[in-house]
Amino acid sequence: MQDPSVEMRGIVKKFGAVTASDQVDFSANAGEIHALLGENGAGKSTVMSMLSGVYRADAGEILIHGQPARIRSPKDAALLGIGMVFQNFRLVQSLTAAENIVLGEKSSFWRGSKWMRNKREEIEALGERFGLKFPVDRPIWQLSVGEQQRVEIVKTLYRGADIIILDEPTSVLTPGEAEQLFATLRVMKQAGKTVIMTTHKMKEVMASSDRISVMRKGKMIAALKTHETDELELARLMVGREIAISRQEREATEGAPLLVVRNLEVAADHGRNALDALSLTVHEGEIVGVAGVAGNGQKELAEVLTGLRTWRTGEIIFDGSPVKTASVRAAIDSGISHVPENRMKSGLAGRLGSVDNLLFKSYRSEEHSRFGFLKAARNRSWSQELVRRFNVKTPELDTPVQQLSGGNQQKLLFAREVSHQPKLMVAVHPTQGLDVGAAAGVHELLMELRGSGSGVLLISEDLDELLQLSDRILVMYSGSIIGESDHEHADREVIGLMMAGIRSVEGSAV
Amino acid sequence: MSPKPGSDSVVLKPLPMRSGRWYSLRLEYDSSRTRSPWWTPVLSVILALLLCAGFIAANGMSPLVVYEKMLRGAFGTSYGFTETMVKAIPLLLCGLGIAVAYRISVWNIGAEGQLTVGAMAATAVTIYFPDLPSFWSIVLMLVFGTAAGALWGLMTAVPRTHFGVNELITSLMLNYVALLALDYVVFGPWKDPKGFNFPGSPVFTAAQSLPVLGSTRLHIGLVFGLVAVLLYYLMIRFTRWGYELRLIGANPTAARYAGIHLKKHIIIVMLISGGLAGIAGMAEVSGVTHKLMQGISPGYGYTAIIVAWLAKLNPLGLIVTSILFGGLIVGGYSVQTIGLPSSISEMLQGAILFFLIAGDMIHRFRIRRSA
Amino acid sequence: MDFTTQLLIAAISAGTPLLLATLGGILTERAGIIQLGAEGLMLMGAVTTCIVYIRSGNLLLALLSAVAITALLGVVHSFLCVTLRANQTMSGLAMTLFGSGLSAYIGKPISGIPLPGTSPKLDLGVVKQVPVIGEIVGRLDVLTWFSLLLVLVLHLLIHHTSWGLHLRAVGDNPATADVMGIRVQLIRYSYVTAGAALIGLAGADMVLAYAPTWNEGLTAGRGWIAVGLVIFARWNPLRALFCAYFFGALDSIGFRIQLLGSAVPPYFLKMIPYVVTILVLMYLGYRNRNKPSGTPESLGTPYIREQRF
């Protein structure tokens, strides 16, 4: 058997008290697609970041092509032929694709039009060879996410990388785009490159990789050949116990319509239409899932419903009465709660303690303040009770919430959003970045809300989550709902196709 | 600084190392240490004194003698101390205003201008309503001064909220506009006809002057300042408004998601901020100079920025630092007698601020042997 | 000479320090560091020029000293903002306060003493014979020519060289630049220092071409106007040229109007540049409310390499 092109031994990395990588061994060969599988937070990205020089390992050694290597910076990694495509792309938005690709180049101080033309041709040729097409001359912010990823890959190839690491490459792609990516990876493999891909999606791993390494909670659990394993075994290794992915059993409910949206049109930040003739209905006691690739208007939909954004035309009827203007306060007062996409960015104030964070939406009410003064003692005991009821683990009530774990932060946020008995909850990626246990907790809470007669609009990119929880799944594409299917008849393949904008598939009611 | 026990002690692999040289040391940043220890402000003042000692020595003076003179001038005599307190009043009012705005990350560096228009508006009362009884005269001056300062603050707030203009630039530009307007009135329409052609308004009557303490120059403006600080503390701590400011300060996006209008609050804090500086201006003309003239403020509005920053927006800290910087200004005047320019205090203020900024960060670093 | 020609000359003469300071600000902010110390740096540049010129009589030495001192202050600003990651706004304010205090302090002995000379003019021979243009061009001094050359050089540097590409990348996305092997800290230090030196030179130009004597606080907010001009010019050297001359014209128009015997009190004419700065920024804010402003993306955010994503 050939020597591995990448070998990592006993890699340790700590961030404060957290050990992100605990004595990890890893190896990958040239001419193979190697998948590094694990849940969010298992340490995959950390390990790969050390290989690409973004982090320095606290201990351990790395061998590249059998030679011990000191990788202290991304530059060192590049010199060793290691290139990484990060999950959040490392592209300068204001520069063109070509400028981004030649960014690291040190040669030739003067860059006239002739020099750039030569480079453009070189880049286009390279892209063609690996099946990667994108506009070379446009600034990055004008490209789609898929195109940006292609720029990233060409960038690593252009810089002569023969060890290419892709961090969660499919998380931003439609199923079709992902297929295209795998084809590219196969060309790269044939060219003798080492392709390493981190992911948490078992199906993709089975479909595209040659070998698989599985990580769990900072430790390397197993290294397997793809054709000698199956999804069940991988799932067990990843999570550490048997999990059965099944749809939650439920009784169908017949609630009254709670939220009716008709022909909604919303302008996006750059003048296009973010929502285009969008209509949907949510009933009482119903979870409506919204599937779709990021950037198809989900964010805007959530913002309009929670009063953060104005709309151009169309009507919104909530709880029997029409909503006239966008107002966050009016939305809160009428019983709409919001679990925003990014907890720490828009949901919680990290520097403040639990009491202040729990009061966010209710501090104006009679119960919590009078004549402009907060009822301090009462709010404290009320918070104490919520923290206890929702089992939020915090050292003290005044501990800044940024010091809590992701799961506890989310519990705190749910405690706040559920505490004022919402009629409708708009939940955006509520389990993003949570481990399996915490995610299950969130799912339970959503089901409880449903049980108590509230409506839930669940916007998620995790198809499994949607299939498991939703009474109905709507598929969003380019600002409109282009398909719908109910709990029993939801089909992964069909929904996947619709996410890519392909509507008319037999059997799916539109 | 030694690493905290239990913090990540590093197991270093025997990699080839450039041993024992200074350049194998590196600074390591620990963002979790957000609270700066008590000694950083003290140390920054000491270092600033050392730096400026260099400049004083270069001027052929003994720094020790100069500093001693400054200290004695500011705090050594009862006259000096009351003068220090007199200077502390506008610093406290302006510093408080800056602190209120900075709670939601609004930078008001226009206190100088707000103070100036406050003083002008108060003077306008004396000129256009010269014969009011004492109480009404003072009240009206106070109202006009506050309103003018608040209006000046509003002119900073609105470009920010409705046009996205950086308030730093606006508030500073307005300082120059206010000072030019002051020049205009004291050289022009409000010039005292009996003033020997000296630029300045007529001297205020006793009814237009703030009461003072005994035979000193310490006036009732001190009470305005202390009451304002107390109100600030209570409002921030116990009211809904204080909670909203806390929320915006900690996370403006989250505050928006909670239905709090950032724009409204920017306007409110700038009205308060400008109003407080306006009160300071009113108190200066009515309590100290007793007439409007050029240079009524030796840069109180700028010094107050340092006061607010040094106090870390803490109410008690505001009182202490205003007195300290009041002393610095008085000390600066007192060295004029030995032939040094009073700008020495300005220089010291800038230097203190420099070291303070560095000191705020330096404790987050520790020196490590790099691998 | 007619009014317009006079105004043009005055605009260029008053605009040159603004131009130099704006270019300095552009360099600093393109690297992602806010520069609010311009006022203090200009004052330090001005006072250093005056002291050295009066003491030594050597103009070149005076200019070099001004550049050296303000570059040193630029290093201090970089150290605070880049290495220590201190608050950039606060550091700039400190620079302004310290610069005005220190310049007043060390400038006291020479206050009011006229400089031994002004900045020399280039002898252009024939060009001087051309009407109007010759009259204007013949009156431009060395620093004005230098500033014009600098506009061109900086434009080419930013848009047509590898250094410029690196600068733009560092200002917009330092993390990416770092991954691409660009030395973010080095670049930030270099441009902040060079920018500070240019702002210092702006101060030197103010005393040489404009007010040939040192007076406390003589920049009177020109540094802050330059901070506004950086935004007005959208971080672009070519636009900076027009913006600076426009403000130069505003700055001198009041004085010209007064010479014509206007009844408006001079104090109000002097307010024009400050008020127009605010109005222009408001207009730009209104016009660009839905557009990217051209601000370097990372402006004001310190870059920390070892960050958990």
Side-chain angles (χ1 to χ4, degrees), chain B residues 27-29 31 52 55-56 58-59 107 109 155-156 158-160 162-166 168-170 172-177 179-185 187-188 299 302-303 305-306 309 340-362 364-365, chain C residues 34 36 39-40 76 79-81 83-87 89-109 111 216 220-221 224-225 227-228 231 265-271 273-279 281-286 288-289 293 304-307:
Chain B
L27 282 173
E28 202 170 270
Y29 183 71
S31 59
C52 293
F55 290 114
I56 294 169
N59 240 11
W107 295 83
I109 58 172
M155 281 164 64
T156 299
V158 170
R160 156 84 193 260
H162 290 75
F163 300 90
V165 181
N166 188 327
L168 279 154
I169 300 173
T170 321
L172 202 105
M173 294 286 109
L174 287 174
N175 284 348
Y176 289 100
V177 175
L179 289 173
L180 284 166
L182 173 70
D183 283 355
Y184 168 67
V185 292
F187 279 103
Y302 301 110
T303 307
I305 301 170
I306 314 179
W309 186 259
L340 277 176
S342 67
S343 46
I344 190 170
S345 78
E346 252 179 89
M347 178 174 78
L348 257 172
Q349 290 171 22
I352 290 173
L353 189 54
F354 258 129
F355 285 107
L356 207 61
I357 298 163
D360 260 355
M361 302 303 293
I362 204 101
R364 298 193 192 182
F365 291 85
Chain C
I34 302 175
L36 294 178
E39 183 79 8
V76 172
F79 176 72
L80 286 170
C81 300
T83 305
L84 291 185
R85 295 156 203 171
N87 186 313
T89 304
M90 218 56 213
S91 173
L93 283 180
M95 182 88 70
T96 289
L97 288 174
F98 183 68
S100 40
L102 182 59
S103 64
Y105 178 76
I106 61 175
K108 197 83 181 174
S111 184
E216 192 178 322
W224 286 99
I225 292 184
V227 172
I231 302 169
Y267 310 102
F268 292 111
L269 298 174
K270 280 192 197 158
M271 287 178 190
Y274 308 112
V275 174
V276 172
T277 304
I278 298 173
L279 293 178
L281 290 175
M282 283 169 76
Y283 168 71
L284 284 180
Y286 172 76
N288 297 337
R289 62 200 178 284
S293 64
I304 303 162
R305 177 183 281 175
E306 205 153 356
Q307 213 171 19

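Both backbone and side-chain heavy atoms feed into the values below; hydrogens, waters and symmetry mates do not. In what follows, every chain begins at residue 1, and chains take the letters A, B, ... in the order their sequences are listed.
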Which one of C:T96, C:L93, C:I106, C:T89 has the most heavy-atom pairs closer than 4.5 Å to chain B? C:T89
Pick from C:L281, C:T277, C:L102: which one has the most heavy-atom pairs with chain B under 4.5 Å? C:L102
Does either side chain, that of B:T303 or that of B:Q349, offer a donor lying less than 3.5 Å from an acceptor on the other one? yes
Heavy-atom closest contact (B:I305 atom, C:M90 atom, distance): CG2-CE, 3.7 Å
Honestly, the part of C:K108 sitting under 4.5 Å from a heavy atom of chain B is side chain
Highest number of heavy-atom pairs under 4.5 Å with chain B among C:N87, C:V275, C:V227 belongs to C:N87
Looking at B:L179, B:V158, B:I344, which has the largest count of heavy-atom pairs under 4.5 Å with chain C? B:I344
side-chain hydrogen bond (donor to acceptor under 3.5 Å, both in side chains) filter on B:E346, not counting sequence neighbours, yields none
Pick from C:A220, C:P266, C:P273 with the largest number of heavy-atom pairs that fall under 4.5 Å of chain B: C:A220
Heavy-atom pair with the smallest gap, counting every atom of B:F55 and C:Y105: O-OH, 3.8 Å
Can you confirm whether more than 12 heavy atoms, excluding those of C:F268, are under 6.0 Å from its CZ atom? yes
Of the listed C:A104, C:G228, C:S103, C:P109, the one with the largest count of heavy-atom pairs under 4.5 Å with chain B is C:A104
Nearest atoms (heavy-atom pairs only) where B:I357 meets C:A94: CD1-CB, 3.7 Å
Largest heavy-atom contact set with chain C, pairs under 4.5 Å, which of B:N166, B:I109, B:L172: B:L172
Shortest non-hydrogen contact from B:M173 toward C:G221: CE-O, 4.0 Å
Please look at B:A58 and chain C and tell me whether the side chain, the backbone, both or neither of the residue comes under 4.5 angstrom of a heavy atom of that chain. neither
Contact class of C:L279 relative to chain B, heavy atoms under 4.5 angstrom: neither
Side chain, backbone, both or neither of B:I306 within contact of chain C (heavy atoms, under 4.5 Å): side chain
Please classify the contact of B:V177 with chain C as side chain, backbone, both or neither, using a heavy-atom distance under 4.5 Å. both
Interface moiety of B:L182 toward chain C, non-hydrogen atoms closer than 4.5 Å: neither
Is the gap between the ring centers of B:F354 and C:F98 under 6.0 Å? yes
Regarding B:N175 and C:Y274, is there a side-chain donor-to-acceptor distance under 3.5 Å anywhere? no
